[in-house]
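Take a look at the structure set out below.
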Number of protein chains: 2
Amino acid sequence: MIRVVIVDDDPLVLAGLRMILGGSNDITIAGEATDGHAAISTIAREKPDVVLLDIRMPRMDGISVLRRLPERGISARVIVLTTFDTDELILTALKQGAAGYLLKDTSPGDIVNAVRRVAAGEPALSPTVTTQLIAAATKSTDDSRRRAARHLIARLTDRERDVAIAVSQGLTNPEIAQTLHMGIATVKTHVGSVFAKLEVTNRVQVARYVHDAGISAPSG
Amino acid sequence: MIRVVIVDDDPLVLAGLRMILGGSNDITIAGEATDGHAAISTIAREKPDVVLLDIRMPRMDGISVLRRLPERGISARVIVLTTFDTDELILTALKQGAAGYLLKDTSPGDIVNAVRRVAAGEPALSPTVTTQLIAAATKSTDDSRRRAARHLIARLTDRERDVAIAVSQGLTNPEIAQTLHMGIATVKTHVGSVFAKLEVTNRVQVARYVHDAGISAPSG
DNA sequence: GGCCGCCTCCACCCCTGGGTGGATGCCGCC
DNA sequence: GGCGGCATCCACCCAGGGGTGGAGGCGGCC
């Protein structure tokens, strides 16, 4: 038996969810709430398996609720149920630990399926949400530029690479000399070699390459 | 009627897919292939709506097939069907334009559903694949630093922001003056204000903030 | 009107950054 | 051994970056 708490500021939506979920004989409505504050206390009291959570609500929005739950030691699986599907909102919700993200145009049958999936530990995303997630995940690691950057940086000597990374962290030549235990003149020499090999003319462009290559630590 | 081409080096898998998909009266098997080269020519000839594509194959792997399709002007929707679910493989496949990514433990019914979804323009991912995609997408955008950076950059005036972005692209002051149509002295003034507001001392650190904030275009 | 913030520009100064040329010692390879 | 690549350092030079102070015009706000 899957115990579900439903949260939405619209009584009509609550009624609809009650009907949809109540119709399944493996699901029980353990509680309801119409704002964020009430949601947290209801979830804390009922300890449901799954929470269906609206985003736009009075008193406290759904994202804040998501953020508060782990702080309270509550580990319910949450499905965000909203009409908004901006990239930022989706990523924020998932980052805050949402197990599902459904748009409100989801069919009753799909909502029930999503609750079952999430209860079983699987994710549940609307198709358009999945599409946006794919776009976000595939654009983050900018492939061709990254490969090119890695290729170029691989041609640097160890010391040049150390200097390039230090440069990309915004350090000055004297600071680099100190942290890498070499003379300022040596730093300048290496910086010059880096410029030549990366075919750039100033430090900011070095920083771009280093970041494009996905390097941050001083590379063992 | 959804026309499907199935590609797998294992004849048993092909036979299984033939049975599963042939059982649906809205799906036809338009062609089959047992290696990458054959797959490309079959897909080019049959122009199917959906392709079910294995990754590990002789002669040419599935990823290479994915890469070649757009080069040939073919725009079939491809579902990758494999036993491997490493982060890198998933992201690579999706980056190359895969519309679906199913693991081979997917039930026959779910495979049929995935074909229908993909044919309708929706994505189709196995639950564990979705989970990994969420992990990849949520870790890429480093949240707290990004928020801090956005917050600081929001305090810049429009002109200062333009200059900061130009700086972060590695332009020199004269270059910035030219592209933004202002005097070099003005550029210096703005750069100075940016340093003060971002509390940094050189241009590379400005670049870090701008990139952390996820800004690249000159912000209308 | 007066005040304030922003954009624009100027002049002056100093220091770091970046380019050039040269020197030494180390290590591995032919 | 001789050669070449790398790391380390030096001196010199100059252009650009970065700090300071000041000025005028423009628009919104009290």
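No hydrogens, no waters, no symmetry mates; every other heavy atom, side chains included, goes into these values. Quantities reported herein were computed from a predicted structural model and do not represent experimental measurements. Here is how names work: the chains are called A, B, and so on, in the same order as the sequence lines, proteins then strands, and each is numbered from 1.
Checking A:R159 against A:H190 by side-chain atom types alone, no donor-acceptor pair falls below 3.5 Å.
As a whole-Å value, the separation of B:R203 CZ from D:dA15 C1' is 13 Å. Residue B:R161 contributes atom CZ, which lies 11 Å from atom P of C:dC6 at whole-angstrom precision. Look at CG on A:L171: it is 14 Å from C1' on C:dG17, rounded to the nearest Å. Whole-Å rounding puts the B:Q205 CD to C:dT16 C1' distance at 14 Å. Rounded to a whole Å, the CG atom of B:N202 is 17 Å from the P atom of C:dC15. One interatomic measurement links the two molecules: CG of A:N173 to P of C:dG18, which rounds to 7 Å at whole-angstrom precision.
Within residues 176-200 of chain A, the residues having any heavy atom under 4.0 Å from DNA chain C are, by residue number, A:K188, A:F195.
For the side-chain contact (heavy atoms from CB on, under 4.5 Å) criterion with A:K197, the lone passing option out of A:L156, A:L152, A:I153 is A:L156.
Close to D:dT8, at under 4.0 Å from its OP1 or OP2, lies a side-chain N or O of A:R159.
Taking CG from B:L14 and OG1 from B:T34, the interatomic distance works out to 7.0 Å, rounded to the nearest 0.5 Å.
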**OP:** Go through the steps to decide whether B:D9 and B:R56 satisfy the test side chain to side chain contact (heavy atoms under 4.5 Å, CB included), and finish with yes or no.
**Re:** CA-CA 8 Å; B:D9 63 324; B:R56 195 166 61 175; over 6 Å; no
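With a 4.5 Å cut-off on side-chain heavy atoms, A:E32 and A:R18 count as touching.
Look at A:D10 and A:K104 and you find no salt bridge, because none of the NZ, NE, NH1 or NH2 atoms lies under 4.0 Å from a carboxylate O.
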